> 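Have a look at the structure that comes next, please.
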2 protein chains.
Amino acid sequence: MKVTIYDVAKEANVSIATVSKVINNTGRIGEKTKRKVLEVMKQLDYQPNMMASALMGKQTKTIGLLIPDLANPFFSELARSIEDRAHEFGYNLVICSTDYQTEKENKYLALLKRKSVDGFILASGFEDLNKVEELVKEDVPVAIVARDLPMFSINTVALDDFMGGYLAASHLIELGHQNIGVIARDVWSNRERLRGFKQALEESNLEFTREFEYINGISHVEPGKFMTAKYLKGKNPPTAIFACNDLLAIGAIQAVKEQGMRVPDDISVVGFDNTLIATIVEPPLTTVAQPIQHMGREVLDLIISMIKGEKKEKMRLTLLPSLVTRNSTAKNRNKDLKEKLENL
Amino acid sequence: MKVTIYDVAKEANVSIATVSKVINNTGRIGEKTKRKVLEVMKQLDYQPNMMASALMGKQTKTIGLLIPDLANPFFSELARSIEDRAHEFGYNLVICSTDYQTEKENKYLALLKRKSVDGFILASGFEDLNKVEELVKEDVPVAIVARDLPMFSINTVALDDFMGGYLAASHLIELGHQNIGVIARDVWSNRERLRGFKQALEESNLEFTREFEYINGISHVEPGKFMTAKYLKGKNPPTAIFACNDLLAIGAIQAVKEQGMRVPDDISVVGFDNTLIATIVEPPLTTVAQPIQHMGREVLDLIISMIKGEKKEKMRLTLLPSLVTRNSTAKNRNKDLKEKLENL
DNA sequence: GCATTTTAGTTAAGCGCTTTCTTTACCTTT
DNA sequence: AAAGGTAAAGAAAGCGCTTAACTAAAATGC
């Protein structure tokens, strides 16, 4: 019952070649036949099979999006913004959560390639870029978003993570914090954020002496809570926490509360991403905002132009973060600092 | 440079039919040739093109998932749970946000059909099910999740929405609330929730007299805030709010706070869904929990069995909600109620 | 030892399209 | 009116795979 190009051709008394040409608006077709074919197509409710045309080298109008975790608001918001833009171009997204596992990343890469997606947008960790580079070498369009991997020459729409870390630290320093705990997962962008963070400290003649370990596992509320509790119970507890995403920051806030302390009165917390949840938590989270919508749109445009074969030269677009000040940060009133100041 | 089945055949000195058979593990193939072919496949890093086999009537191992809004935590969590299960079966998801627009729903349906997805999982509103029914008639596997549309005979994994509304109302009634404001978008499941809600009222000899209007637009924080503010400023303000999802509930809480009142002391708020954000908001949200993971898993299993051609009889699986009591609800201390009680 | 069944592998058609050549019919020229 | 040009449509090959039908060789039976 499936209506194919043959049915249309027969009904319109033309060859399938002619039908194909009017579908794709290629070649020379007379006005009359064109109208006739169009009419028959409508009448039979003919929908060209995209698999078949993909087989002939046409596009599938499908893009693979690899993210760490769709349940993380940052990534679902990012995915949504990419999807919106994709929709404008008639593209669909197949979305894959990798949980930062190299194995899954590579598996999805291979699988989607077999499915002939037109291109890939990568927002996952990709500590191992071998497979990605293979794809690039085979001229498969690949773009990276929201992670900057400067050591690889792949089209990228990134955030200036260094600046983000710098902003967070500057804000806290201005508020008089010197002993700041950091919570982050060990991925490249966080290393950059940390660099920016340290840079700001240095410029204020402070030093990041705190013993520091990356969290492992996924960036979610629980690890943030756990790490913060650890900091607070440890020796020389910090007066502020810089968490490398909002989820972790929320965990930090929860931990502070559980210790019977208050945010921001006792401990300030800065997050990163500026997702919906930053506005919902109490107190509302001061956070480094990523321009999620903008990023999504830009990376989609980028991949489309790659698919179309324009834009052969590699490029990196770096968007700038901004600090959104809410109520999770305040002046440091901690005695620890006061003592130090008195000793000057 | 793409390696095809021909390359493998040539290299292994067999026909492409033989290669195909070892790939699919069909037909009779001798041990030796089988090993040889497998070896060559590995050696050439051969990856069968799924478009080609899809053209021959095989599956694409891709499922279309239509949801209203990927940025809504309920749907991103649901999508994630479906995806996880799909991954176990080697399936991918192409996720489409419809914003509850019939036009988008139908467009995506048609587009994904052209892309030969193996089946559809629908979590969008679908007030107009015509196109869906067409698909069903053509034997395209379609399953509905998280929405119950009992007037259509389509395989469904649903929540007992009636029960959900009933639970919410019972809880509030127990706490002494009689004047309850409701915030909901006009979709079928909310109508059910409302029915359950009213049922509980009736059973306590209460009546839902409140003038009520559905919100329009998307269910997000802002509309919840707006509606609540309207209720609070109106005559006979409620002592409790039942919001038909967590996002709206959070809007409600924000509105209460903005009016200088407190949750739950002055106004109780009950949400629906039990997403991450319910645990994050202050006070933590009492909410009707949907078994999101369970639903996702069940619907994926359902669609898979439909794709495999098992399960020809239509079925509806109804999962039960449960009330998660947190701190956004408390005993009604409102004078309004006191007065009434005194008048008894 | 010959007919019969099994087993192993091949041939070829076809899935629904795109596209390069051709062919046919119709205009222009001179 | 004959040669050349051009516009419109068709024939056919082929994308990478599956599968029904077939053949050849090996195993079995009597």
Side-chain angles (χ1 to χ4, degrees), chain A residues 1-41 44-62 110-118 138, chain B residues 1-41 44-62 110-118 138:
Chain A
M1 302 300 89
K2 210 173 271 176
V3 23
T4 73
I5 198 171
Y6 287 95
D7 303 317
V8 177
K10 187 172 294 174
E11 188 68 22
N13 283 314
V14 295
S15 72
I16 59 164
T18 304
V19 177
S20 176
K21 280 170 195 157
V22 349
I23 293 169
N24 298 292
N25 210 20
T26 55
R28 329 177 148 293
I29 299 293
E31 261 312 309
K32 249 178 261 175
T33 12
K34 190 172 194 168
R35 260 203 303 279
K36 173 72 180 167
V37 170
L38 250 15
E39 187 189 307
V40 172
M41 279 172 50
L44 299 184
D45 190 29
Y46 167 65
Q47 302 283 71
N49 179 329
M50 297 190 82
M51 299 299 94
S53 56
L55 237 204
M56 288 300 295
K58 288 253 162 174
Q59 284 148 24
T60 55
K61 291 276 189 177
T62 305
L111 188 54
L112 296 190
K113 193 188 159 199
R114 287 183 54 193
K115 292 186 180 175
S116 311
V117 298
D118 295 337
E138 296 172 42
Chain B
M1 305 309 90
K2 211 174 270 177
V3 22
T4 75
I5 200 171
Y6 288 96
D7 303 318
V8 177
K10 187 173 293 174
E11 188 68 22
N13 283 314
V14 294
S15 72
I16 59 164
T18 304
V19 177
S20 177
K21 279 171 192 156
V22 349
I23 292 170
N24 298 293
N25 210 20
T26 55
R28 327 177 148 296
I29 299 295
E31 262 311 309
K32 248 179 262 175
T33 14
K34 191 173 197 168
R35 259 203 304 281
K36 174 71 180 169
V37 170
L38 249 17
E39 187 189 308
V40 172
M41 279 171 50
L44 299 184
D45 189 29
Y46 168 65
Q47 302 283 71
N49 179 329
M50 298 189 81
M51 298 300 94
S53 55
L55 237 203
M56 289 300 296
K58 288 254 160 172
Q59 285 147 23
T60 54
K61 291 276 190 176
T62 305
L111 188 53
L112 295 190
K113 192 187 160 202
R114 288 183 53 193
K115 292 186 180 178
S116 312
V117 296
D118 296 337
E138 296 173 42

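All figures in this text were calculated on a predicted structure; none of them were measured in a lab. Just so we're on the same page: letters track the sequence lines, and every chain starts at 1.
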> Rounded to whole Å, please give me the gap between NZ in A/Lys32 and C1' in D/dA7.
14 Å

> Going through the checks in order, is the side chain to side chain contact (heavy atoms under 4.5 Å, CB included) test met by B/Leu111 and A/Lys61?
CA-CA 10 Å; B/Leu111 188 53; A/Lys61 291 276 189 177; 5.9 Å; no

> Partners of A/Glu138 by side chain to side chain donor-acceptor pair (under 3.5 Å), sequence neighbours excluded?
A/Lys113

> Could you check how far NZ of A/Lys2 sits from P of C/dC15, rounded to whole Å?
12 Å

> Can you measure A/Lys34 atom NZ to D/dA7 atom P for me and round it to whole angstrom units?
15 Å

> Who are the side chain to side chain donor-acceptor pair (under 3.5 Å) partners of A/Asp45, not counting sequence neighbours?
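Side chain to side chain donor-acceptor pair (under 3.5 Å) list for A/Asp45, sorted by chain: empty.
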
> Do A/Thr62 and A/Lys115 meet the criterion of a side-chain donor-acceptor pair at a distance under 3.5 Å?
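Distance-only check fails for A/Thr62 and A/Lys115.
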
> Within this structure, what is the NZ-to-C1' distance between A/Lys36 and D/dA8, rounded to whole angstrom?
17 Å

> Out of curiosity, A/Glu11 CD to A/Glu39 CD, how far, rounded to the nearest 0.5 Å?
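It comes to 9.5 Å.
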
> Would you kindly give the NZ-to-C1' distance between B/Lys113 and C/dG16, to the nearest whole Å?
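The answer, rounded to whole Å, is 14 Å.
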
> Please produce a list of atom pairs where a protein N or O lies less than 3.5 Å from an N or O of nucleotides 6-8 of chain C.
unit_1: C/dT7; atom_1: OP2; unit_2: B/Arg28; atom_2: NH2; d: 3.3

> Say you draw a straight line from NZ of B/Lys34 to CG of B/Leu38; how long is it, rounded to the nearest 0.5 Å?
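Here the rounded value is 7.5 Å.
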
> Do A/Pro48 and B/Arg114 have side chains that get closer than 4.5 Å, going by heavy atoms?
yes

> Return the polar atom pairs (N/O with N/O) between nucleotides 17-19 of chain D and the protein under 3.5 Å, or none.
unit_1: D/dC17; atom_1: OP1; unit_2: B/Tyr46; atom_2: OH; d: 2.5
unit_1: D/dC17; atom_1: OP1; unit_2: B/Asn49; atom_2: N; d: 2.9
unit_1: D/dC17; atom_1: OP2; unit_2: B/Ile5; atom_2: N; d: 2.3
unit_1: D/dC17; atom_1: OP2; unit_2: B/Tyr46; atom_2: OH; d: 3.4
unit_1: D/dC17; atom_1: N4; unit_2: B/Tyr6; atom_2: OH; d: 3.2
unit_1: D/dT18; atom_1: OP1; unit_2: B/Asn24; atom_2: OD1; d: 3.3
unit_1: D/dT18; atom_1: OP1; unit_2: B/Asn24; atom_2: ND2; d: 3.0
unit_1: D/dT18; atom_1: OP2; unit_2: B/Ser20; atom_2: OG; d: 2.4
unit_1: D/dT18; atom_1: OP2; unit_2: B/Asn24; atom_2: ND2; d: 3.4

> Just how large is the angle between the end axes of the helix from C/dG1-D/dC30 to C/dT30-D/dA1, five pairs per end, to 10 degrees?
40°

> Any non-hydrogen side-chain atom of A/Asp7 less than 4.5 Å from a side-chain atom of A/Lys10?
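A/Asp7 vs A/Lys10: side chains apart.
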
> Under the 3.5 angstrom rule, does the side chain of B/Thr60 hit a backbone N or O of B/Ala54 as a donor-acceptor pair?
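Checking the backbone N and O of B/Ala54 against the side chain of B/Thr60, no donor-acceptor pair under 3.5 Å is found.
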
> Please work out if A/Asn13 contacts a base, only the sugar-phosphate, or nothing of the nucleic acid, heavy-atom cut-off 4.0 Å.
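If one applies the 4.0 Å heavy-atom cut-off, A/Asn13 turns out to touch the sugar-phosphate alone, with no base involved.
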
> State the CD1-OG1 distance between A/Ile23 and A/Thr18, to the nearest 0.5 angstrom.
10.5 Å

> Output all residues satisfying side chain to side chain donor-acceptor pair (under 3.5 Å) with B/Lys58, sequence neighbours left out; order by chain, then residue number.
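None.
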
